[in-house]
Q: 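Could you have a look at this structure, given as C-alpha cells, before my questions?
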Amino acid sequence: METESEPYVRLATLRQLHQVMADMNTARSLADTLQTVADGVVNGLGYELACVNLVRPDGDLVVAAFAGNPAAEALITGRVGSRDSWDRRLNMGERWGDLVFIPHTEGWVLDDDDVPQWYTEGPAPRFEDEWHPADRLFAPMYTPGVHGGACGELIGVLSVDRPRNGRLPGAWGREALQMYAFQAAIAISNARLRANMQRALVRLERDQQALRASEESFRQAFEYAPSGMAIAEMGGDQHGRILRTNDALCRLLGRPASAMRRYSFSDLVHAEDIGTLLRTSAEGGRAELRLARRDGTYVWVSLRNSVVADAADGPRFLLTHVEDIEERKRRELQLAHRASHDSLTGLPNSAELRSRLSARLCKRPAHAGALESTDAAYGHPAVFDANGHGFDFPGSAALDAYDHHVHTVAPEESGRDDGTKGLAVLFCDLDGFKSINDRFGHNAGDSVLIEVARRLTRGVRDGDTVARLGGDEFVILADGLGRADAQDLAVRLRNEIIQPIRAEGRAVRVGASFGIGWAHCGMTADEVLKSADERMYVEKRSRPKQHRRAG
C-alpha cells in the first residue's frame with residue numbers, strides 16, 4: 001500500500017489490495033497459500049517484512065512463510081515458538097481492534113523468549129508516530145465464527161515490520177491489516193480443507209487401488225486355483241445356493257458354470273453324506289464326502305468351508321474349497337480291504353469274519369425262565385423265554401418300542417425242524433489238501449484254494465459271508481436257515497468242492513468236511529466258531545478216511 005495520507009486512499013491501492021487477496025484465495029496448495037499471504041503483506045499493505053506463524057497440531061507455532069528479506073527468511077523459516085510465549089505476546093501491548101501492537105518501550109521483555117524473530121536497526125523516533133525498529137505488530141488469524149466474525153480458533157499470527165512510510169499505521173492501515181488477516185485465515189482454512197480432502201482422496205484412491213488389487217488377486221486365485229472353489233449364499237430362502245464356481249470344480253464334476261448356479265451342494269452330495277454336509281455348512285470346517293458328477297457317478301472330495309462374515313450383517317457367504325481325494329480314498333479302501341480280506345482268495349479274513357459275527361450277537365444272561373436283558377450292541381432292553389424267543393406280557397409294548405435289535409436265535413437241538421430260522425455257521429475244512437501241496441507244490445495249493453473260494457462264493461446267496469479262516473479252513477455265515485436248510489447247503493457246497501480242479505496244468509481233487517454251528521445272542525464269536533469247528537471234526541471222524549475226498 002503506497003504511502004499517502006488518510007483518509008484519502010487511491011483507487012490503485014485498493015486494486016492492489018484486492019489483487020493480493022484474490023491471489024491468496026487462488027493458490028494451488030497450502031504451502032503456496034501461506035507464501036502468498038506473506039507476499040501479500042509486502043506487496044499490498046506496504047510493509048517491508050512479513051511472517052506467517054502457523055499453529056501446529058501440538059499447539060506451538062511454526063514459521064511457515066516469510067517475505068521481504070531472503071536472509072531473514074533463511075534464518076527463521078521452519079523454526080518453532082511455544083504457545084505459551086505467543087499467548088504472552090498476544091496478551092500484552094496495545095489492542096488495535098484484533099491487532100496487537102507492542103511498542104519498543106515494552107517489547108524488550110520479549111527479547112529472550114523462544115519465539116523466532118529478526119532484529120532491525122534504526123535511529124530513535126524523531127516524532128510521535130514514527131515507527132521504531134523494536135516495535136512489534138501482530139495480526140492474529142482466527143477461523144471464522146458463526147456470524148462471520150473472527151472469534152473462532154487461533155490458526156496463526158501475521159507478524160509485520162517496517163512500514164514503508166516509516167510511520168505507525170493509521171486507522172486505514174490498521175483496518176486493512178485486520179481485514180487482510182481475516183481473509184488470510186479463510187484462505188488458510190480453505191487451503192487446509194483442500195489439502196485434507198486431497199489427502200483423503202489420495203488415501204481413498206490408494207485404498208480403492210488396494211481393494212481392486214486384492215479383488216483381482218482373489219479372482220485370479222479363485223479362478224485359476226488347481227482345486228475346486230465355490231461361493232455359496234448363507235441364510236435366507238436361497239441358503240446354500242451356489243453363486244460362483246471356478247473351472248477346476250466344473251471340470252471335476254463335469255458340469256458347466258451356468259449349470260452349477262442352479263444347484264446347492266445339498267443337491268449334489270451323496271444321500272449318505274447329507275448330515276456331514278449340513279454340519280460342515282453350519283459350523284465351517286472340513287469334511288470328506290461324495291459329490292455327484294454329471295454322468296451320475298460320485299467322486300470323493302475333501303470339502304473345507306469358511307464363513308465370510310460382515311461386521312454389521314453377520315455371516316453372508318460360504319467360501320468352499322473342494323479337493324479331489326478320489327485316489328486317496330481308493331488307496332484307503334484298498335488298504336482297508338487288505339486289512340480285512342485274505343490276500344490270496346480275496347475273501348474276508350479271520351478278523352473280518354469275527355467282526356461280522358460279533359455285530360449280530362448281543363450279550364444277555366442265558367438261564368431258564370423269562371428274563372429282562374440289555375442289548376449291548378444297542379443299549380435297549382428286551383425280554384426272552386428260555387429258548388431265546390421274545391414274548392409279550394401286559395405293559396411290554398413300551399419296552400418293545402425301544403428294542404430295535406433283531407436277536408439271533410438257534411433252531412431246536414433235537415434235530416426236528418420246528419420252523420425256527422437262525423444264523424448258521426458252516427465250518428469247512430478241506431480233505432486231502434496237504435497232499436496236493438506236498439506233491440505238486442504251493443503254487444498248485446494256492447490255485448486250489450482260489451478255486452474253492454470261488455465255488456463257495458458261487459454256491460451261497462447274496463448277503464451270505466464266505467471267509468477264509470486260515471490255511472485250508474473256510475467259514476460260511478448264512479442267516480435265516482433252518483436245520484434242514486443248513487444241511488442241504490453243506491451238501492451242495494461239498495459237491496461243488498469235490499469236482500476236479502485244474503492246478504499247474506493237471507486235474508486234482510479235494511474233499512471237504514463241514515461242521516454246522518448256530519449263533520445266538522449270549523455267545524461270543526469265538527464260542528460260535530469253536531462250536532462249528534468241533535462239529536466239523538465230529539463229521540470228519542464219522543466218515544472213513546478213504547471216502548472223505550469223494551464226499
Side-chain angles (χ1 to χ4, degrees), residues 330-331 333-357 423-479 481 484-517 529 532-551:
R330 184 179 293 111
R331 290 196 300 269
L333 292 175
Q334 289 173 350
L335 291 174
H337 186 272
R338 292 173 185 172
S340 61
H341 287 70
D342 175 49
S343 60
L344 177 63
T345 63
L347 297 177
N349 59 19
S350 174
E352 178 66 12
L353 171 68
R354 285 174 166 79
S355 175
R356 295 186 184 185
L357 185 54
L423 176 58
V425 181
L426 283 68
F427 199 108
C428 173
D429 182 78
L430 299 183
D431 299 326
F433 176 74
K434 183 176 183 300
S435 63
I436 293 176
N437 263 342
D438 293 343
R439 292 176 60 189
F440 305 119
H442 288 287
N443 287 341
D446 289 346
S447 298
V448 169
L449 292 176
I450 293 171
E451 178 61 20
V452 169
R454 188 185 67 82
R455 294 180 182 184
L456 289 173
T457 302
R458 186 179 59 192
V460 300
R461 304 163 301 175
D462 292 340
D464 292 344
T465 294
V466 178
R468 183 185 178 196
L469 195 61
D472 60 350
E473 295 178 333
F474 298 86
V475 174
I476 297 95
L477 304 182
D479 202 2
L481 300 184
D485 299 328
Q487 291 167 358
D488 289 344
L489 177 61
V491 171
R492 290 200 312 273
L493 294 178
R494 181 185 294 114
N495 289 336
E496 287 288 331
I497 292 173
I498 65 176
Q499 301 302 317
I501 298 174
R502 298 293 298 178
E504 294 295 306
R506 59 177 58 84
V508 298
R509 298 181 67 176
V510 292
S513 297
F514 281 86
I516 303 174
L529 293 174
D533 185 28
E534 290 173 349
R535 294 181 181 183
M536 182 273 297
Y537 276 107
V538 171
E539 197 269 346
K540 184 186 288 284
R541 287 192 296 267
S542 68
R543 291 185 297 129
K545 183 175 181 181
Q546 63 271 23
H547 297 306
R548 292 175 190 168
R549 183 175 302 176

Q: Keeping the roles fixed (side chain from Ser355, backbone from Glu352), state whether a donor-acceptor pair exists under 3.5 Å.
A: no

Q: Walk me through whether Leu529 and Leu357 qualify under side-chain contact (heavy atoms from CB on, under 4.5 Å).
A: CA-CA 9 Å; Leu529 293 174; Leu357 185 54; 4.2 Å; yes

Q: What is the distance from atom CG of Asp488 to atom CG of Leu493, rounded to the nearest 0.5 Å?
A: 11.0 Å

Q: Can you tell me how far the CD1 atom of Ile450 sits from the OG1 atom of Thr345, to the nearest 0.5 Å?
A: 8.0 Å

Q: State, to 0.1 Å, how close Ile498 and Gly511 come at their nearest heavy-atom pair, and which atoms those are.
A: CG2-CA, 4.0 Å

Q: Check whether any side-chain N or O of Thr457 sits under 3.5 Å from a backbone N or O of Ala453 as a donor-acceptor pair, and report yes or no.
A: yes

Q: Donor-acceptor pair, Asn349 side chain versus Ala339 backbone, under 3.5 Å?
A: yes

Q: Out of curiosity, His341 NE2 to Leu353 CG, how far, rounded to the nearest 0.5 Å?
A: 11.0 Å

Q: Say whether, by atom type as modelled, one donor and one acceptor occur between the side chain of Glu496 and the main chain of Arg492 under 3.5 angstrom.
A: no

Q: Does some side-chain heavy atom of Cys428 sit less than 4.5 Å from a side-chain heavy atom of Ile497?
A: yes

Q: Using modelled atom types and a 3.5 Å cut-off, is there a donor and acceptor pairing between side-chain atoms of Arg509 and backbone atoms of Pro500?
A: no

Q: Any idea which heavy atoms bring Arg502 and Ala507 closest together, and the distance?
A: NH1-N, 3.7 Å

Q: Pair Val448, Phe440 - check side-chain contact (heavy atoms from CB on, under 4.5 Å), show working.
A: CA-CA 11 Å; Val448 169; Phe440 305 119; over 6 Å; no

Q: How far does CZ of Arg494 sit from CG of Leu430, to the nearest 0.5 angstrom?
A: 11.5 Å

Q: Rounded to the nearest 0.5 Å, how far apart are CD1 of Ile476 and CG of Leu456?
A: 5.0 Å

Q: Would you check if there is a donor-acceptor pair between the side chains of Arg356 and Thr465 at a distance under 3.5 Å?
A: yes

Q: Going by the rule salt bridge (Lys or Arg N to Asp or Glu O under 4.0 Å), which residues pair with Arg454 if we only count those two or more places apart in sequence or in a different chain?
A: Glu451

Q: Residues in side-chain hydrogen bond (donor to acceptor under 3.5 Å, both in side chains) with Asp429, at least two apart?
A: Lys540

Q: Partners of Asp446 by salt bridge (Lys or Arg N to Asp or Glu O under 4.0 Å), sequence neighbours excluded?
A: none

Q: Spell out, as yes or no, whether a donor-acceptor pair under 3.5 Å connects the side chain of Arg468 to the backbone of Ser343.
A: no

Q: Can you see which heavy atom on His442 is nearest to which on Asn437, and at what distance?
A: CA-OD1, 3.5 Å

Q: With rounding to the nearest 0.5 Å, note down the distance linking CZ in Arg541 to CE in Met536.
A: 9.0 Å

Q: Which atom names give the shortest non-hydrogen contact between Ala490 and Ile516, and what distance separates them?
A: CB-CD1, 4.2 Å

